Structures are given as structure tokens and as C-alpha cells.
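The structure displayed is predicted, hence computed values, not measured ones. Here is the naming used below: chain letters follow the sequence lines, and residue numbers restart at 1 for every chain.
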Amino acid sequence: MSIDGLQQHELQERWLIRGATLPDGTSTDIRLDGRGITELGIGLSQSGASVIDAEGLIALPGLVDLHAHLREPGYEHSETVLSGSRAAARGGFTSVFAMANTLPAQDTAGVVEQVLALGESAGYVDVQPIGAVTVGLAGKQLAELGAMASSKARVRVFSDDGFCVSDPLLMRRALEYVKAFDGVIAQHSQEPRLTENAQMNEGALSGELGLVGWPAVAEESIIARDVLLAEHVGSRLHVCHVSTAGSVDVIRWAKARGINVTAEVTPHHLLLTEDLVRGYDARFKVNPPLRSREDVQALRAGLADGTIDIVATDHAPHPVESKDCEWDAAANGMVGLESALSVVHAAVVATGLLDWADIERVLSRTPARIGRLVGQGNPIAVGSPAELTLYDPAATRVFGREDLAGTSTNSPYLSMTLPGEVRATFHRGYPTVLDGVVRSSLEIADQASGVVVHG
Amino acid sequence: MRHLLSTKDLSRDEAINLLDIAEDMADVAEREVKKLPTLRGKTVVNLFFEDSTRTRISFEAAAKRLSADVINFSAKGSSVSKGESLKDTAQTLAAIGADGVVIRHPASGAPAVLAASGWIDAGIINAGDGTHEHPTQALLDAFTIRRRIHGQASRGTGLDGVSVTIVGDVLHSRVARSNLWLLTTLGADVTFVAPPTLLPSDTSLWPARFSFDLDDAIDAGPDVVMMLRIQTERMHAAFFPSSREYSRVWGLDDARFRRLGPASIVMHPGPMNRGLEISSAAADSANSTVLEQVTNGVSVRMAALYLLLSGDRKESKNVD
Ligand SMILES: [Zn+2]
């Protein structure tokens, strides 16, 4: 890939991407003028444009992550909106939904607007705040969902993620209430009593390792309850990070019944199994926990047949000291934005279950639709916003610290060999990643605020 | 042996070798001067993040009989509970120059984390981690059974064909797990008897039999009955209805004790809840090995310390 003739003093950037492969397998040049895709076809004129040779690269619409923890405000030592945005761009994302478990929680219009503004000024991706369902994520009292919906942040996804809205009456009311503005409740499905002090998947291995089990039924029973509640009140439910074979069955049943439910799976639940817990290495501690080989197979099959709608990262940064300790004391969660596409590639593309058109659907189009996000998740077509990712599917690499672009390094993939690499990401017509390198925060902030960058 | 973290890692030959060395150590205890110079100049730290006076003094006696210097670091109620991490504590012990660390920790896997961390280069002995393992307890149990069965001819033998029934809170018991792996490695047949709530939900990978009926298990005439301690906190967490019902259904009471064969062995890792999981008649009988277990614990721990710490650790570094 090379860049020729980057023009100085241009009011808007013009890019010509040569010979990219679209998700349907066809080859095309792609011209970006300013914020939009203006031309597709073979042999397009490069006049006035910087040229990227995309021979052998797949062009995907910018990826959309419906579930990431950006930690700001409150936990800036783990991640900030800026650093998390950078990690997202590195992974090929152009939009990230920021989970509500910040401090203060994203439970008021003021906080969600603050996070929105932080995302705007960072400029790497669209940061779409998620609103808390309950005040302080405490599960007692509904947060001001309407105020967040009508704020500048236009919140449509509400979640207490990290906690389950376990009170059935509160869950019913939340599902009902968000119908007023076409919202959705994204549930972290975990029956709290069945998972007190839970440390890993409950099964033969937890019994051997002496770690308190997190039984599959604690997830499945909440999903079963919630799909029935969603049916009863005629609302929209989204199930976060589905992790068990039984959950896939329940959701398949609910969809067959016509219930308006969508579901996500994380990259790590598609690739990793509980066997990694054997050495008590806390990098593999995550909630919901890594499950069995059979669960992983069922999740892959569920994603392939559409039972599971999307992949979302559950990017969960933590400082070193939260993982450099005994298992029980360690925090749950893994960073995942930078590695997501490669991990999904390894888990479901390399295994022949999904093709790149499916990847476009599960990592861009459908997450944008579930989150009611305009300007994201559109196909690569003339008139679409200039949000796209160039991915080299033939690359292979030992995933390392240098592949991480956020504040935290709690990746389970360090020193694993992963396929593929994001070579470039375009957001609002400008590159946030070029030649596989994330552009500097200052350059991107300038671009985001409309300042002309000199080549 | 570089560390002793789990009995699952021990081969039959390693286990028998350790038990044989413990026999040698037991012989030393019979002598007038009970001390060996073997670990002179070595420092052993007892790092206890959980109270257990019994286990700590057993390790302390073992290390002292081998002439090691002993530092007792009771981390419970000290800076550790105020947020000092396992990592900081380990690095402190490394700086002090600990050659061996005997660690008791409420978190399963903490000794393994310590051994793999690179924070400290000492040999690590797991003295009980959460609900995972307690390897020296199982070794002293195996030693005790072997001595009762083979007496002076114990050296070099396993426990082939010996039937051992382990009764009680298997789910939360590190003693049960360590005994499972060690006793089966040595050739014993293990049966667990417990209420279903106190067994792991999936025991398919455990090389043992399982039963909910203590009377059946007693009438099968086991060579060994090992009663596990029932923790008082389990009584309030819906694992069983009441302590009275527990002792009636799952306890080794006088009637059940009398039905055991005359040569059968009654064991308990201590401390006992007399009248709950075991009756006084059973605990104080000639069949009971409760006090022998305590005595043998010192010999077995001497053997473990000897295997880990004698000789040049730098040379054995890459062998494990
Ligand atoms: Zn969650």
C-alpha cells in the first residue's frame, strides 16, 4: 500500500482505493471525496486523490461495536474515550457503543452528552453512549431513559451491563418504557443468586480447580424470562454476550416464536475455551466466563444460522495490577477491539462457517441497525458515508503488545498467532489507520475539528 | 521436584519416593536428637493468608528439624488484608532471601500463580489453596494408611487395592481433591459419599465412585473411612437443612462406627466437629488415626522440604 500525491491545502480529503475486494468477492476501486463514497468501478481517475493500493485487501464497511467499555469518566487509568477510540480504529471500527458502567454511571443526559463530546473531540470513531437502565446501575430505580433518548447523544440502547437487571418487574417496566422512543434493553443475563462469587464456567474443570462455578443455567434462565417478558409487552430485547449452547437454543426458540430479540456473541467466546483457566492466569478471567468446547461450537453455529445476530467485543480494559494477582482477586474482562476481526476470522471465517458478506452483516450492518445508529453500517456504495476498513486476510502474525492501541494490555491473545490484519480504517473520509499504523491523536483531533492537515 | 503444588502432578514413583523419605524422617523423630543438618542456612517462610495454627506449626517443626531458618509471615490481618498484593508480598520474601515458601491462601490457584509468576525464585509448597488442593495433607494421609497396613514393610509400596471412603463436604474440600489424585495414583479405590449439594456438579473426570448413602458405603466394608470437616458457614447456605439432619444422615455416629470391620481405619484431617461429622467414640477409638496423622504430618513435610530445598536449586531450575 502506498500513498501518492497527498495534496496540501485541500479543503477536503480525496482518496482513491485501488483494486479492493468487496464482501461479495467483486473487485473495485473506491473513491472517497470528503465524507462520502463518490465512485465505484474499475480504473477510476485518481485526479486530486491520494491513492491506496488495496490489491488483495478486503474492503468492509467500518465495523460497529455494540458493546465496549471505554471507562471514562471515572476509570481513566484503564481507558479513556480517546484511547479506547484509538484501539477501536486499530481494529477497523468506525463506531463504538460505550457501555454505561462509568463513574458517574451514564445514567443522565449530562453524562451521556459528556461521553458523546469526548468521542467527537477524539475523532477516531463515532462514540455512541449507552444509557444505564437503572440509577447508578443499582437495579432499584429506572434512570431517566427518556431524557437520555432526547439528549444530544440520542441514546437508544440501554444497559446495566456488568449487572443483570434481575428484578423481573423492573425489567418489564424498562422494556415497556423504551418503546416510547424505539429503544432497546441490552441485558447482561446473569442470575445473581446462582452466580454468587462465581469464578469460572461450572463443569468438570471448575470442580477440579476448586473455583466457584458460574452455571450455564444462570444465563439461560434470565434469557428465557426476558424473551417471554419482551413478548408479553411487545418490546425489543437485546441479549449481551451469549455464552452457552443452551442460550442459543432459547434464543432460537424465541425467534421462531416471533419474539423481537437480538443477540450478540463476543470474539473470545467464539475462539477460547475454559481449558485456558487451568493455569489460573487471570488474563482469561472474563464474565460471562469462557465455556466448554461444545458451547463454542454451538455459538459458532448460532452465529452462522442467524440465531445470534452480531459479534460485539465486550472490550474491557483493566490495569496490570487487576490481573497480576491470584484468580479470585482478579478483575473480569479482556480488551478486544484491536483483535476482534482477526479472532472472528480465525473462529468462523477460516473454519468456513461465515464469509465476508456475513462478516459485514454481523460486525457492521446489524449492530448499527440494532443500535439505531445512522451514518454507520451502510454498504460500500456510492452515496454511503466514507466509513470503511481495509483488511488483509492473507496476513498472519503473532499478536503482540504493539498490536494494542488502548491504555490497557489485558489481551488474552498476546503471543497467539492470529490471521489477518487491518491495514487502513477510514472514518468520515479521513484515515484513522494507514499502512497498519494508527495515526496520531493530534492529527485525528485536527481532522475531526475540520482543521486542514498538511501532507 | 521444584514445587509441590498439587498431587495431580505427582507420578506414582515420585509419590512413593516422597513417602519413603518421610519414613526416613520418621526414624529420625525416634532418635534422641531429632534434628538433621540438611537444610542449614536455608530460609523457609510460612506464608499464611488464612489462619491454620495446626498446619503452620507442623511445617515449622518440619523445617526446624531439618535445621532451616523459619520465618512465619501471617498475612491475615496484616498489611495484606489492607490491599498489599500477593505480588508485593512475594517480592518482599524474595528480597529477604527465602529459599522455600509454604503458602496457605484462601484463593484456589494462588500457589500456582506464585510459582509461575517470576516474582520469587523460591520453591513453593502449597499448604492449602482455597477449595483446590492440600497436597501435604493427602501425603500424610497416604503415609498413615500405608503404615497401618504395611507397618515396617511400608517402604516401596503403594496402596493397591485399598478401599477408601471419603465422606462429607467434598465440594469445598481441598483435602478431598488432593486425596483423590494421590490415593488413586497409589492404586487405591476411592468412593466419595456426600449429600448431592456438597459434590461438584460434574465429577465425570474424577476417577472415583460416588454415593449418597453412607450406610451402603459402611456396609461395603471399606478399609478406610475418612470424615471431612463440615464448615459452620455451610449450614447457613442451603447446602443441607440443619446440622442435626447432617449428622444423622452423613455423620459417622456410634452405630455406623460399630458396623465397620475391626481392622478398618478411621481418619479425619482435623479439627473435628465431634458429634457432627464424627462421634467421640469413633474419633477416640483404636481405629482412629487422628493423632498419628498429626505426627506423620511432620515427617511428610520434612520429606517435602527436603526434596524441594536440599541441593542446588539453580541446577534443578529448568528440570520441572
Ligand atoms: Zn456484560
Open item on the list: To check you understand the geometry: which heavy-atom pair defines the closest contact between A:Tyr280 and B:Ala112, and what is its length?
Closed with: CD1-CB, 4.0 Å
Task: More than 12 heavy atoms of other groups within 6.0 Å of B:Phe210 CZ - done: yes
Open item on the list: Please output the residues of residues 171-201 of chain B in contact with chain A, using a heavy-atom cutoff of under 4.5 Å, in numerical order.
Closed with: B:Arg177, B:Trp181, B:Pro200, B:Ser201
Task: Residue pair A:Leu211, B:Ser108: steps toward the side-chain contact (heavy atoms from CB on, under 4.5 Å) verdict - done: CA-CA 6 Å; A:Leu211 292 172; B:Ser108 298; 3.8 Å; yes
Open item on the list: Is it the case that atom CZ in B:Arg209 sees more than 12 heavy atoms from other parts of the structure closer than 6.0 Å?
Closed with: no
Open item on the list: If I compare all heavy atoms of A:Asp324 with all of B:Lys87, which pair ends up nearest, and what's the gap?
Closed with: OD2-NZ, 2.8 Å
Task: Region of A:Glu208 in contact with chain B, defined by heavy-atom distances below 4.5 Å - done: both
Task: Best-contacting candidate, A:Cys325, A:Gly203, A:Ala204, against chain B by heavy atom pairs under 4.5 angstrom - done: A:Ala204
